[in-house]
There are 2 protein chains.
Amino acid sequence: MATSKIPHATAKRLPIYYRYLHFLSDAGKQRVSSTELADAVKVDSATIRRDFSYFGALGKRGYGYDVESLLAFFKKTLNQDKLTNVALVGVGNLGHALLNYNFHQSNNVRISAAFDVKEDITGTIQSSVPVYHMNDMKEQLSVQQIEIVILTVPSKVAQEVTNEVVEAGVKGILNFTPLRITVPDTVRVQNVDLTNELQTLIYFLDKFGKQDENKLG
Amino acid sequence: MATSKIPHATAKRLPIYYRYLHFLSDAGKQRVSSTELADAVKVDSATIRRDFSYFGALGKRGYGYDVESLLAFFKKTLNQDKLTNVALVGVGNLGHALLNYNFHQSNNVRISAAFDVKEDITGTIQSSVPVYHMNDMKEQLSVQQIEIVILTVPSKVAQEVTNEVVEAGVKGILNFTPLRITVPDTVRVQNVDLTNELQTLIYFLDKFGKQDENKLG
DNA sequence: GAGTCTATGTTACAATAATAACAAGTTTAA
DNA sequence: TTAAACTTGTTATTATTGTAACATAGACTC
């Protein structure tokens with residue numbers, strides 16, 4: 001099957017396409033061209049056509065892509081046709097915000113359990129999500145057959161907690177801690193590093209600034 | 001100057017190196033090798049040496065890198081030696097979490113102003129940050145000479161607000177909205193798309209799952 | 001229904017990034 | 001002081017990603 005050798009770079013763009021198709025569909029648009037898409041998602045039109053072509057001929061020459069059928073195709077490809085249950089580990093500032101964050105809106109994802117050590121919230125329901133004590137994590141993850149975990153614990157305990165969720169059979173971790181956690185290669189980690197993003201922005205900004213100065217000088 | 005042609009991929013890794021050097025310094029370590037670093041930050045040791053070499057010869061053969069001097073070098077390179085003031089636009093769930101998020105801890109960044117339209121929080125101070133009304137945004141951004149903005153507004157108004165901050169002279173936007181905003185090419189955008197990250201993770205997970213099945217079958 | 005127009009899918013090319021390999025300094029130990 | 005061990009910096013190689021170009025299939029017009 002062709003889908004087994006989708007380039008990483010392509011795979012990362014699929015959700016972006018998917019979301020914009022959703023938007024077009026909601027707006028009642030029937031067809032869309034790669035150029036139009038390119039403008040909206042800021043990806044070169046040739047890249048878009050190339051990305052799509054890995055999945056076969058999804059469009060029609062001289063016409064473009066049919067919004068509904070393309071949307072349906074990506075829905076299936078991105079597993080958006082079935083609900084994915086995930087767990088949130090660490091209900092601090094960021095964790096709380098993610099509980100409220102509407103992953104479910106354009107995304108068929110639900111946070112079905114949260115875990116923390118703080119006695120004042122364990123046993124309660126936060127933003128419609130039950131919060132369990134970390135002691136019960138392994139059991140709950142197994143029972144609920146949760147394969148994906150959002151990690152928002154303090155970095156001090158990040159590796160320790162990671163080991164635990166891996167033992168519980170988790171296969172994917174969305175890692176919000178600044179640490180690069182160690183996992184067996186059957187487990188996939190996606191890092192979201194807020195500080196990094198900001199620092200990178202500052203770094204590039206400064207470079208640009210200097211260039212501008214040169215131009216002026 | 002060599003620093004003007006640092007590859008993008010390298011630049012994105014600099015903050016990761018910086019943070020780990022910080023950790024090593026705090027732990028009192030004197031020296032570190034590329035292999036050791038590689039293990040901690042999950043980047044190939046050759047890649048690390050290559051990355052570093054863009055900035056000149058930072059290490060010593062047969063010895064490794066001196067933690068303190070490397071840290072000092074990156075501190076300067078990443079502009080961590082001076083405080084960067086940023087503004088937060090949109091004080092919703094995520095915005096609130098980011099106000100509490102400790103950017104300042106290992107990062108010399110401070111959120112010095114926040115903006116929103118909600119009358120119940122404008123004029124108040126949230127997590128030690130004054131919240132202004134969106135109507136005063138352009139003025140405040142200019143007065144406070146803020147060049148970087150964290151964008152956490154509803155996607156509906158994302159482009160509109162973007163235009164405004166750009167007019168106010170902002171040069172970098174950390175975009176948390178799922179929309180790919182349009183800016184002049186003097187402005188840099190760094191996208192942080194939480195839904196995307198999660199979807200990408202789900203996508204890859206599914207592919208791996210299928211592969212495993214094949215292996216078993 | 002023939003001709004023009006349009007936008008895909010693909011092929012060829014260019015740029016960027018990652019990895020491997022190793023020569024050349026430095027350290028360390030004897 | 002010498003040699004073995006180590007680790008960088010760099011060069012050569014490979015892999016990945018992005019962009020350009022265009023032939024081709026199909027849509028649209030009259």
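Residue numbering restarts at 1 for every chain, and letters A, B, ... go by the order of the sequence lines.
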_Touch class at under 4.0 angstrom, heavy-atom based, for B:Ala9 against every strand present_ = sugar-phosphate
Subject >> Sub-4.5 Å side-chain heavy-atom contact between B:Val86 and B:Phe103 >> reply: no
| field | B:Arg49 vs B:Tyr65 side-chain heavy atoms within contact, under 4.5 Å | value | yes
Footprint ends on DNA chain D, 5' to 3', for atoms under 4.0 angstrom from a heavy atom of chain A, come out as D:dT17 to D:dC28
Whole-Å distance, B:Asp44 CG to C:dA18 P, equals 10 Å
A:Phe55 CZ to C:dG9 P, in whole Å, measures 13 Å
Rounded to whole Å, OH of A:Tyr54 lies from P of C:dT10 at a distance of 11 Å
Atom NZ of B:Lys60 and atom C1' of C:dT26 are separated, to the nearest Å, by 9 Å
Taken to the nearest whole Å, CG/B:Asp66 to P/C:dT27 is 12 Å
Testing C:dA7, C:dT27, C:dT11 for proximity to the side chain of A:Arg31, the answer is C:dA7
Whole-Å distance, A:Arg49 CZ to C:dT11 P, equals 14 Å
Quick note, A:Arg61 side chain, CB onward, closest among C:dA20, C:dA18, C:dT8 is C:dT8
Taking for A:Thr10 and for B:Val32 the nucleotide of DNA chain D with the nearest heavy atom, the one nearer the 5' end belongs to B:Val32
Item to complete: Could you tell me whether the phosphate oxygens of C:dG9, OP1 or OP2, come under 4.0 Å of any side-chain nitrogen or oxygen in A:Tyr65?
Response: yes
Open item on the list: Tell me if the aromatic rings of A:Phe74 and A:Phe52 count as close, with their centers under 6.0 Å from one another.
Closed with: yes
Atom NE2 of A:His8 and atom C1' of C:dA18 are separated, to the nearest Å, by 14 Å
Nearest-nucleotide check on DNA chain C, A:Tyr63 vs A:Ser53; residue mapping nearer the 5' end is A:Tyr63
- Message: Please determine whether side chain to side chain contact (heavy atoms under 4.5 Å, CB included) holds for the pair A:Val187 and A:Thr162, giving the CA-CA distance in whole Å, both sets of side-chain angles, and the decisive distance to 0.1 Å.
- Response: CA-CA 11 Å; A:Val187 176; A:Thr162 298; over 6 Å; no
* Asked: A:Ser33 near the nucleic acid: base, sugar-phosphate alone, or nothing, with a heavy-atom cut-off under 4.0 Å?
  -> sugar-phosphate
DNA chain C nearest-nucleotide lookup for A:Ala46 and A:Gly62: closer to the 5′ end is A:Gly62
B:Arg50 atom CZ is separated from C:dT16 atom C1', nearest whole Å, by 10 Å
Can you check whether A:Asn196 reaches B:Arg19 side chain to side chain, under 4.5 Å on heavy atoms? yes
Note to self: Under a plain distance cut-off of 3.5 Å, with no hydrogens placed, do B:Asn163 and B:Glu167 share a side-chain donor-acceptor pair?
What the structure shows: no
Out of C:dT8, C:dA17, C:dA20, minimum distance to the side chain of A:Ser34 belongs to C:dT8
Test side chain to side chain contact (heavy atoms under 4.5 Å, CB included), reference A:Arg13, set A:Thr47, A:Ile48, A:Val41, output is A:Thr47
